[in-house]
Structures are given as C-alpha cells and as structure tokens.
Amino acid sequence: MLFNRVYGKKTAVFIIFMLAILVLASCSIKKKSQTRRNVNVTGDVQETESQALTGVIVNVDKDLCQVTLRELDYDVDTILDYNAASEIIDKYGVQIAGDELQPGQIMDVTYNPGTSKVISMSIPEDVWEYQEVDEFAFDSEESAMSFAGKKYQYTDQTYFSSLDSKIQMMELNDNDVVTVRGIGIRVYSVTRTKGHGYIRLANYSYFTGGTVNVGNSIILPVTDNMLIAAGEGSYRVVLGKGGTKAVKNVTVKDGAETKLDFSEYRTEVKNAGNITFEIEPYGADLYINGSAVDYSSPVALNYGEYNIRVEMTGYTTYTGVLDVEKAESIIKIDLIDENASVSASSTSTPKPSGGTDSKKDDDNVTTKKIDSDHTITVSSPEGAEVYLDNVYKGLAPCSFTKVIGSQTITLSKPGYQTKSYSIDVLDDDKNVKLGFSELAEDSG
C-alpha cells in the first residue's frame, strides 16, 4: 500500500511537470509567431496572426462601419470592419475615425483575418496626391494620363470614381476636376470631386451663325440643337450675332441639364463687347480659348481676358491675350513668315502670350485633324441625340465625318439622364464604330 501511494505521488508530480513544460513551449511558440488574441461576437477567445495589405479604398459604409479596399495591382476586394479601437492615421499623422476615410485613398492596412477587424491603417510614405486637377488628358495607346506637366501610367486596376460611385475612365470630362493618387509613375486612383452638367439652348434661331459665350472659357459657333457641356458652377451666357446680343445667367449642376430660353432677348448687354477681327492672310484660323471661332462677323464676348491663337500653314502661329473692355473693338492681326505683328484701333489689343490665369492654356491645345474619307458611327443608345464636342450630329444610329484626337461624345434623350463620354479617335485610316450603354431614366 505504501509503495502504491509513493508511486502514485511520483506519477502525479511527473504529470504536473510535463504539463508545465508543454505550457511554456506553447507560450514560446505564440511569442515567435506574434499572434493576437481576439474575442469574437460569441465571447470565445481565438488566436490569429495579423495580416497586412496595401490597397485603394473603393467604398466606406458608415452604417456598417466597414471599408472595402482593392489591393494594388490586383482585382481583389477585401471588406474589413473598423471601430473606435482601430488606429487610423491620416496624411498629416493625425488619428481619425473610420467614417472620415474617403474612396480613392491609398492605405497600408493591418487587420485580423479571423475577425476582419482593422488594427491599424495609414497612408504609405511613397504615395503622392494631386488635388483640384482641372487639366488632364488620357492617351489610350500609351495607357498614359498627363497632368501637372507630367505623364503617368494607368492600368486596368486603376480605380476611377465619382464621390462614392465607380465610373469608367471615359466618363471623365475635360470640364471635371479630379484628385489623382499614385506611387512612382503609376496612377492608382482618380476621383472626380467636381463634375459637369449641360446647358440646352432654346428659341435662339435668330443667333444661328453667331457665337455663344459661356463664361470666359467656352466659345462656340451657334448651331441648331445646341447642348453645351460645362463644369459645375454659375455662368453668364451671351449669344451674339452682328450687333445684337442676348444674355442669360445659369447655374450648372453635376449630371443635370438646364434649359435656357431666349424667346425674349436683350439687344443691349452691359459688360459685353462686340469684337471685329481683321486677320491677314485671308482664311487663317482663329481660336479663342482653344475653340475655333467664325470671325466673318463681329464676335460677342463678355468683358475679360481671352487666350487667342491665329494660325495658317506657311505662316508663324500667333498667340496672345485679348482684353475685352469696350462695347466695340477692332483687332487686326497680320501673320508673316517669321514674326507676327499686331496693330489695333482700340485699347482691346492682344497682349503677348503668357501671364494669364485662364483655366485652359491655349498653347497646349492641338488643332483637330479631319479625316473626310472615314466616318464615326454611333449606333446606341437608339434614338438618343448625339453631340460631338457640343455640336449636334443627329439621332443614334448616325454617322458623321471622322475627327482625329480626343473629343467628347454627349448623348441626350427626353426622360433620360444626359451622359458624356471622352473618346480618343486614332489616325488609322479606318471608320470608327461606337456603342454606348442605355441612358438611365431621369428620376427628377
């Protein structure tokens, strides 16, 4: 009996000793693997290693306290939960709440894969960001995006968005304002922060053949069925033909179409000038703020400064700034082989190029090439009005002369939301066939 008691005690001690060794070994293993202890919704304790990813925020659900990230260079989305315990740091090094996260931001994230909880989140040091970009261009052949005087690369994984919604790259318009983020030469996200809307002119047939002036940045010849794309904001719209002018004020809202009725127009407009251009040699092209203008009759312009360019094959191109400050002015521009000389019979004389605060730099505008041997055909959405750079072309399906380069196709249909697409037409001696998605019904 005594032997059994002693043996039993020794066995118990041995078992306790072995259990202690196992516990120490387990703790050591956990320490080496840097696991974290997490409590799930049932109150059970679980141990899971933390994981990390770098991605673009594509959605923030404030009601569910969830953030969706798309991994860089991969079409993989990960949905994670955030709460007050999540350490989220903004670009200034300040801790913020998860509700302050914005789509398009590039973030380094550490999270618990067992609970999908965000542990920490911050902006990588090598991320760059450009805000309020109002001049940009895409080159589909090179998969390049140009802005701020530099060229960057975009890919199929680049995330394009407008507020909280994903959009296609071609839905961006040159009237938009965007925020661009990336790393190195790669663009990872383009977020539209200020969009564009449309101005539809009505009852203006008297002015056909004249000019329409939207603010100081858009100048177009007046044609039938005019629908003009413009950035969000308030504008002064002037129609001019000969010595007659009509003026309206308009506020453009993102994605909305605003109608301007010129049934009753004013023949005398304060703070608007009638500019007569006398340009030699005859047939030279005149561009005002990048738009081709017919100057066979006086051009009506709001008071202010305008970038102008006059060019003709075999002559030196003239660029300058026109300051409109009188009701009637005559501008004379003579092109010669080496230098442009300018004289004027009024104080509204073009000044040397440069030193302008206009949004669009006219020196960067490339004259579009016409390919009269080929066409652009828009097949859908059927029955929609088709506009090429604000000029009406017909009802889809329709065809018109091919124009080379970057331009905007606008689609409009009664009862549906007007939509614009930026296209890049190649000089490839081929016809272009385009088809677009059906327009969304106008709930307003």
Side-chain angles (χ1 to χ4, degrees), residues 137-138 140 168-176 196-205 207-214 218-231 237 239 241 252 255-260 262 285 287 289-294 365-440 442:
F138 293 96
S140 57
Q168 302 177 55
M169 180 188 71
M170 65 189 307
E171 293 182 63
L172 292 174
N173 188 283
D174 59 6
N175 294 294
D176 294 337
H196 61 275
Y198 308 91
I199 303 170
R200 182 177 290 279
L201 304 187
N203 301 313
Y204 63 95
S205 58
F207 295 95
T208 301
T211 58
V212 57
N213 192 162
V214 181
I218 300 175
I219 303 170
L220 297 167
V222 177
T223 58
D224 295 333
N225 300 314
M226 289 207 73
L227 183 66
I228 304 169
V237 179
L239 291 179
K241 184 179 181 181
V252 177
E257 186 175 305
T258 303
K259 183 178 179 180
L260 280 186
F262 286 90
D285 295 319
Y287 296 86
N289 284 357
S291 298
V293 174
D294 179 6
V365 177
T366 301
T367 303
K368 293 189 174 85
K369 176 182 176 182
I370 305 297
D371 181 357
S372 56
D373 295 328
H374 297 89
T375 60
I376 297 175
T377 299
V378 177
S379 59
S380 59
E382 188 172 346
E385 297 175 345
V386 178
Y387 295 82
L388 179 70
D389 285 342
N390 299 311
V391 177
Y392 179 70
K393 294 298 182 181
L395 297 177
C398 63
S399 298
F400 42 90
T401 302
K402 181 177 179 180
V403 182
I404 309 300
S406 298
Q407 49 217 299
T408 301
I409 294 284
T410 301
L411 306 170
S412 179
K413 193 174 183 180
Y416 295 83
Q417 296 178 9
T418 301
K419 192 83 171 180
S420 288
Y421 296 93
S422 295
I423 61 172
D424 191 11
V425 179
L426 304 180
D427 188 5
D428 56 4
D429 293 325
K430 297 180 180 178
N431 292 326
V432 177
K433 296 182 179 181
L434 301 172
F436 300 94
S437 302
E438 292 296 325
L439 299 175
D442 189 354

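Side chains are part of it too, since the values below use all heavy atoms of this structure and drop only hydrogens, waters and symmetry mates. What you see is a predicted model; the values in this text were computed from it and never measured. In this chain, residues are counted from 1 in sequence order.
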Modelled atom types, side-chain donor and acceptor of Thr418 and Arg200, under 3.5 Å: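 No donor-acceptor contact under 3.5 Å links the two side chains.
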Flag side-chain contact, heavy atom, 4.5 Å: Ser420 against His196: yes
Val403 side chain reached by Ile370 side chain, heavy atoms, under 4.5 Å: yes
If I take atom [atom1] from residue [X] and atom [atom2] from residue [Y], how far apart are they, to the nearest 0.5 angstrom?
| X | Y | atom1 | atom2 | answer |
| --- | --- | --- | --- | --- |
| Asp294 | Asp285 | CG | CG | 11.0 Å |
| Cys398 | Glu385 | SG | CD | 10.5 Å |
| Tyr421 | Thr410 | OH | OG1 | 10.5 Å |
| Leu395 | Leu411 | CG | CG | 11.0 Å |
| Ile404 | Asp428 | CD1 | CG | 7.0 Å |
| Asn173 | Thr408 | CG | OG1 | 4.5 Å |

For a quick test of reading the model, state the closest non-hydrogen atom pair linking [X] to [Y] and the distance between them.
| X | Y | value |
| --- | --- | --- |
| Met226 | Val222 | SD-CA, 3.6 Å |
| Ile376 | Lys402 | CG1-CA, 3.8 Å |
| Gln417 | Leu439 | O-CD2, 3.6 Å |
| Ala229 | Asn175 | O-ND2, 3.5 Å |
| Pro397 | Glu382 | CD-CG, 4.0 Å |
| Ser406 | Asp424 | OG-OD1, 3.6 Å |

Residue that, paired with Leu388, satisfies side-chain contact (heavy atoms from CB on, under 4.5 Å) out of Val378, Thr401, Ile409, Val425: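 That would be Ile409.
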Residue that, paired with Val214, satisfies side-chain contact (heavy atoms from CB on, under 4.5 Å) out of Ile199, Val252, Ile219: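 The option that passes is Ile199.
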Audit row: Val212, Tyr204, side chain to side chain contact (heavy atoms under 4.5 Å, CB included) steps and yes/no: CA-CA 10 Å; Val212 57; Tyr204 63 95; over 6 Å; no
Criterion side chain to side chain contact (heavy atoms under 4.5 Å, CB included) on Leu239 and Leu201, from CA distance to verdict: CA-CA 10 Å; Leu239 291 179; Leu201 304 187; 4.0 Å; yes
Derivation of the side chain to side chain contact (heavy atoms under 4.5 Å, CB included) call for Phe262 and Val237: CA-CA 11 Å; Phe262 286 90; Val237 179; 4.2 Å; yes
Working for side chain to side chain contact (heavy atoms under 4.5 Å, CB included), residues Tyr392 and Thr223: CA-CA 8 Å; Tyr392 179 70; Thr223 58; 5.6 Å; no
